[in-house]
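Data first, discussion second: the structure below is written as structure tokens.
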Amino acid sequence: MKIAMIGTGYVGLVTGTCFAEFGHHVTCVDNVEEKITTLQKGDIPIYEPGLDALVAKNAAEGRLQFTTDLAEAVPDAEAVFIAVGTPTSRRGDGYADLTYIYAAAKELAEHLHGYTVIVDKSTVPVGTARQVARIIKETNSAADFDVASNPEFLREGAALADFMRPDRVVIGVESERSEQVLREIYQPLYLRDTPIVSTSIETAELTKYAANAFLAVKISFINEIASVCEAVGADVTDLAKGIGMDGRIGSKFLHPGPGYGGSCFPKDTLALMRLVQEYGENLRIVEAAVEVNAAQKARMVKKIRDALNGSETGKTIAVLGLTFKPETDDMRDAPALTILPALLEKGAKLRVHDPKGMEEAKKYLPEGIEYVDDAYAACQRADAVVLMTEWNQYRALDLERLKTDMKELTFIDLRNVYEPTSLTSLGFNYVGVGRK
Ligand code: UDX
């Protein structure tokens, strides 16, 4: 099948490449010329494990192309996916900014030729697909098309595995013909028994927001329970096991930490809240999850301060990990962006390391932070180490070496990676999240 993918950001590039891997012929379009030139040269503009090799393979086998010209991609395509960005609106009101979606709809409309399914892949508020249909009709009244919604559930850092072995695929359609096209696109997964959930368009659009909101609630829940554990002297790691083994609850997304970040949860929870308010409804649980998340980041500042005997002024803090999670260079809404400036403002000296995110981090963090290429170098003569993001390389640090290198032995583990006794037995003061 011939597919056009509009937008070569994270979602578009992963999805387009995986469709090519399924055997489809995919043309990815982006209006940023630099991105397309990079991709045509065989480089990829983002970091996602395994993606560079998969792009190279499918490009070499002639199933994956890149262009800035919609006229090269859309006329032959049986399905056109819209995977452009939907950032939080600059107005600061939490609404999703749909400018790029509508511009893409208008531009692609002129190039439609024969029956085509226009699929919203980007995370968009309920009703967006209908707006896309209206814009296409207004622009090209002769166009023969259906709109559909096909939300993505990809985790950054594990996107290829998530795409190839998803728990489910959700397709929102309003005609049998468009459903057929989408089922054919996902046929390779169908053969692996992946459930395809076919819904109305509005349901599919809302499903994506509901999934992310639920996961955000789950994380904020365990973060609050972690605080309760600290107050009563319980251990959240054991507690999470105790509740997570209940099949109705499930053990995933019960890891306390410095608060969720990234390109999805913060943006999608806000957009969902705005959406429901427009319909005169409330989602108080999601509102609470968002508040708890902001409070969690602030609590981490206090946690670090308390571990430094009440003041970070003049203290050297080594920070391991800056990105919002491991295996990505993405710094969007990373907790580090809230926690580090607060420490810096109070006169802490910050020496930071991240395996992939330092260049991105420099764009977002204030001046005055020392970036070092080696985790151990960051810890030299430090008063405390803060483990912010659980990259694999921080999971088995040489603790004896840290003990020799550090000035004071304080280890603040914001991801509960270490067994407390592995540090306390060496004389460290260990501080986790929700642990004694
Ligand atoms: C998320 C969704 O998982 C995905 O389905 C959706 O399509 C996009 O948003 P992603 O943002 O890549 O994916 O990251 P995810 O692994 O979900 O983690 C989000 C944030 O929550 C990270 O900051 C992570 O550290 C945090 N988190 C996650 C926790 O603090 N605790 C957990 O138990 C799980």
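Just so it is clear, the values below take in all heavy atoms, side chains as well, and ignore hydrogens, waters and symmetry mates. Both ligands and their constituent atoms are indexed starting at 1 by order of listing.
- Among all non-hydrogen protein atoms, the one lying nearest atom 19 (C) of ligand 1 is F265 CE1, 3.5 Å.
- To the nearest 0.5 angstrom, R183 atom CZ is 12.0 Å from L189 atom CG.
- When hydrogens are left out, the protein atom nearest atom 32 (C) of ligand 1 is H255 O, 3.6 Å; that is the closest non-hydrogen contact.
- Listed by number with element, the atoms of ligand 1 under 4.0 Å from a non-hydrogen atom of R415 are 25 (O), 30 (O).
- Residue G261 has at least one nitrogen or oxygen atom sitting less than 3.5 Å from a nitrogen or oxygen atom of ligand 1, judged on distance alone.
- Heavy-atom proximity to C264, at under 4.0 Å, picks out these atoms of ligand 1: 8 (C), 9 (O).
- Atom 17 (O) of ligand 1 has as its closest protein heavy atom F253 CZ, 3.2 Å.
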Worksheet entry | Verdict with supporting geometry, F81 and D120, side chain to side chain contact (heavy atoms under 4.5 Å, CB included) | CA-CA 6 Å; F81 283 76; D120 274 341; over 6 Å; no

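- In this structure, CD in E156 is found 11.0 Å from CG in D162, a value given to the nearest 0.5 Å.
- Checking only distances, G259 never comes within under 3.5 Å of ligand 1, N or O to N or O.
- For atom 4 (C) of ligand 1, the nearest protein heavy atom (residue, atom name, distance) is L154 O, 3.4 Å.
- At a heavy-atom cutoff of 4.0 Å, ligand 1 is contacted by no atom of I222, backbone or side chain.
- Between R130 and E202 there is a salt bridge, with a side-chain nitrogen of the basic residue lying less than 4.0 Å from a carboxylate oxygen of the acidic one.
- Within ligand 1, the atoms closer than 4.0 Å to a non-hydrogen atom of R155 are 3 (O), 12 (O), 13 (O), 16 (O), numbered from 1 in the order shown.
- Note on ligand 1: K208 sits in its first shell, one or more heavy atoms being nearer than 4.0 Å.
- Scanning all protein heavy atoms for the shortest distance to atom 14 (O) of ligand 1 gives K325 NZ, 3.2 Å.
- With salt bridges taken as basic N to acidic carboxylate O contacts below 4.0 Å, one links R299 and E230.
- Scanning the protein for heavy atoms near atom 11 (O) of ligand 1, the closest one is F324 CE1, 3.6 Å.
- Using a 4.0 Å cut-off between charged nitrogen and carboxylate oxygen, K362 and E359 count as a salt-bridge pair.
- Here the rule is side chain to side chain contact (heavy atoms under 4.5 Å, CB included) with V386, and of I412, I339, L350 only I412 fits it.
- Relative orientation of the F22 and F19 rings is tilted, given thresholds of 30° and 60° on the angle between their planes.
- The six-membered or imidazole ring of Y418 lies near that of F411, with a centre-to-centre distance under 6.0 Å.
- What sits closest to atom 27 (N) of ligand 1 on the protein, heavy atoms only, is I219 CD1, 3.4 Å.
- For the 3.5 Å distance criterion, the side chains of K208 and T123 qualify, holding a donor opposite an acceptor.
- Across D330, T323, N212, heavy-atom proximity to atom 6 (C) of ligand 1 is greatest for N212.
- The single protein non-hydrogen atom nearest to atom 12 (O) of ligand 1 is E156 N, 2.6 Å, given as residue, atom name and distance.
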